[in-house]
Protein chains: 2
Amino acid sequence: MTPELRSLGVREIALDNSRADILAAAARCFMDRGYAQTSIDDVARSLGATKGRIYHHFPSKGELFAEVFRAGMDMNFAAVKPLSDLPGPALPRWRRMAMVHVLQMMVTKPFQRAVWIGVEMHLAGATTPEQRTVFNELLDYRTRYGNLFRATLLQGRDEGVFRFDDLSVTNQLMFMSLNSPIFWYSPRTGETRAQTEALAARVVAYAQGGLVFEGERAA
Amino acid sequence: MTPELRSLGVREIALDNSRADILAAAARCFMDRGYAQTSIDDVARSLGATKGRIYHHFPSKGELFAEVFRAGMDMNFAAVKPLSDLPGPALPRWRRMAMVHVLQMMVTKPFQRAVWIGVEMHLAGATTPEQRTVFNELLDYRTRYGNLFRATLLQGRDEGVFRFDDLSVTNQLMFMSLNSPIFWYSPRTGETRAQTEALAARVVAYAQGGLVFEGERAA
DNA sequence: TTGACAACATACCCGGTAGTATGTTCATCA
DNA sequence: TGATGAACATACTACCGGGTATGTTGTCAA
């Protein structure tokens, strides 16, 4: 039996748990204070640990952030990709995709905020050209995710359920609506799953309204 | 004639121009790199100057940012407040307010991005309690601006042209749509005023669609 | 003409932070 | 059972950036 195929021992599981804990703590710090304002010591302190632990698992602050970004996008892809592959008319598929996406924004908010911060940082501090390459890869990842929705939007326009002229602008507007919970949503104490979903449904309904509205009639 | 009532001499005008130039340059830097990542030297360098010039006009980095924030909000208030005071049915007034607001987001984008960054920074670095006071005042300013729209939203619901249950959530969704150009809009080379307004109209139409949509029917 | 001050530039200090180098502990395995 | 290395903690360095202290130059007023 090769080492690669052997099942994970307690050692490996503990390692993965430690990594995952660091990622979650880092996501929360990045959400609270932004990238530049967050120090490695901040992340370590929020874990009751020190720098040594962080740098044992991640080579640099930039790489730690990149991993948080990837984790967030991985979760989005895992949730939405299966739905986007389904056949059938555009509108019900779009509604399911949008609903799952919004719920992701709410439930994994720290990671999604980190993704947002990453997109906003396009031309920021990445001094090293290799860091630049990593960053472009992350943005590509994000673009590919966006394309899942673009295809359904186009199909919906063909089917007459969506009305828009400029796909890029519409895509921006739609994502801005669907992503907005990462800025204003905060779970109520003792919030039930049904309440969370009701709120998400409101967001989806708003975005759908923007997509189907005839628009531009004079007031 | 008291000195206060005397008209401005060249000296005073030059002073104001210098301040305005610094504010514009700072807004652009804050937009490009965020607050923490922007150094005073960055702002100075973009003006072909040095720190001395900045600190001659502004006591600190935080105060410089606060002034950029205020300038952005001042422009918004000047543009929208007169419209919000007009009588009559909600929908046409909302459309005019929204249109002017969106155009503000596009034309004064660096300042509006700074306002956004400021809102996002609520619990960040403001160590001094007095800095805290300044910050709360800025957020109040922003809230008062938001209230201009809330009133019209409520009137519109009463008149049956808008449909929503939760005012806060709807307000967040609406502003997220109307503000979104600060993230994706960039003027085309040689863009005419008509083209700019056409784009703004698309944004307004999307937001209006979200406000009038019945929503929540099963797919 | 001169002195006073505004409007900067230059030179410097210092705290915070990314990254490193070096312990220390504990589990695992030969 | 002792050696080895993973998983950290501790101690340290280097640098960047906010803020200050001190020049320097041009303008205006008396």
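All values derive from a computational prediction rather than experimental measurement.
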Inset, instruction - Would you kindly give the CG-to-P distance between L64(B) and dG19(D), to the nearest whole Å? - result: 10 Å

Legend entry - Pair of N/O donor and acceptor under 3.5 Å linking dA9(D) base with K51(A) side chain: no

Inset, instruction - Could you please name the option among dG17(D), dG19(D), dC8(C) that lies closest to any side-chain atom of S39(B)? - result: dG17(D)

Inset, instruction - Would you check if there is a donor-acceptor pair between the side chains of Y206(A) and S177(B) at a distance under 3.5 Å? - result: yes

Legend entry - Comparing P59(A) and G52(B) on DNA chain C - which has the more 5′ nearest nucleotide: G52(B)

Inset, instruction - Would you kindly give the NE2-to-P distance between H57(A) and dG5(D), to the nearest whole Å? - result: 18 Å

Legend entry - Pair F69(A) + F111(A): ring centers closer than 6.0 Å: no

Inset, instruction - Please state how far atom CZ in R53(A) lies from atom C1' in dT22(C), giving the value in whole angstrom units. - result: 20 Å

Inset, instruction - Ignoring backbone atoms, test whether S18(A) places a side-chain nitrogen or oxygen under 4.0 Å from the OP1 or OP2 oxygen of dC8(D). - result: yes

Legend entry - Flag for N171(B)-S168(B): side-chain donor and acceptor within less than 3.5 Å: no

Inset, instruction - Please check the phosphate of dC8(D) (OP1 and OP2 only) for any side-chain N or O of H56(A) closer than 4.0 Å. - result: no

Inset, instruction - Figure out the OH/P separation between Y55(B) and dG19(D), and round it to whole Å. - result: 4 Å

Inset, instruction - Find the distance L47(A):CG to dA7(D):C1' and express it as a whole number of Å. - result: 14 Å

Legend entry - Secondary-structure stems for DNA chain D, with pairs counted as Watson-Crick or G-U when both distances are under 3.5 Å and runs at least 3 long: C:1-30 with D:1-30

Legend entry - side chain to side chain donor-acceptor pair (under 3.5 Å) evaluation trace for Q112(B) with N76(B): CA-CA 9 Å; Q112(B) 305 306 331; N76(B) 293 348; 3.0 Å; yes

Inset, instruction - Go through E137(B) and R132(B) one step at a time and tell me if the salt bridge (Lys or Arg N to Asp or Glu O under 4.0 Å) criterion holds. - result: CA-CA 9 Å; E137(B) 173 214 329; R132(B) 195 68 155 205; over 6 Å; no

Inset, instruction - Verify the distance criterion only: is there a donor paired with an acceptor across the side chains of R53(B) and S18(B) at less than 3.5 Å? - result: yes

Inset, instruction - Check the distance between dT13(D)'s P and I40(A)'s CD1 and give it to me in whole angstrom. - result: 21 Å

Inset, instruction - Using a strict cut-off of less than 4.0 Å between a Lys/Arg side-chain nitrogen and an Asp/Glu carboxylate oxygen, indicate whether E197(A) and R202(A) qualify as a salt bridge. - result: no

Legend entry - Donor-acceptor pair (no angle test) under 3.5 Å: K61(B) side chain, dG17(D) base: no

Legend entry - S60(A) side chain near dA18(C) phosphate (N/O to OP1/OP2, under 4.0 Å): no

Inset, instruction - Write down the distance between CZ (R45(B)) and C1' (dA9(C)), rounded to a whole number of angstrom. - result: 15 Å

Legend entry - D41(A) CG - dA18(C) C1' separation (whole Å): 9 Å

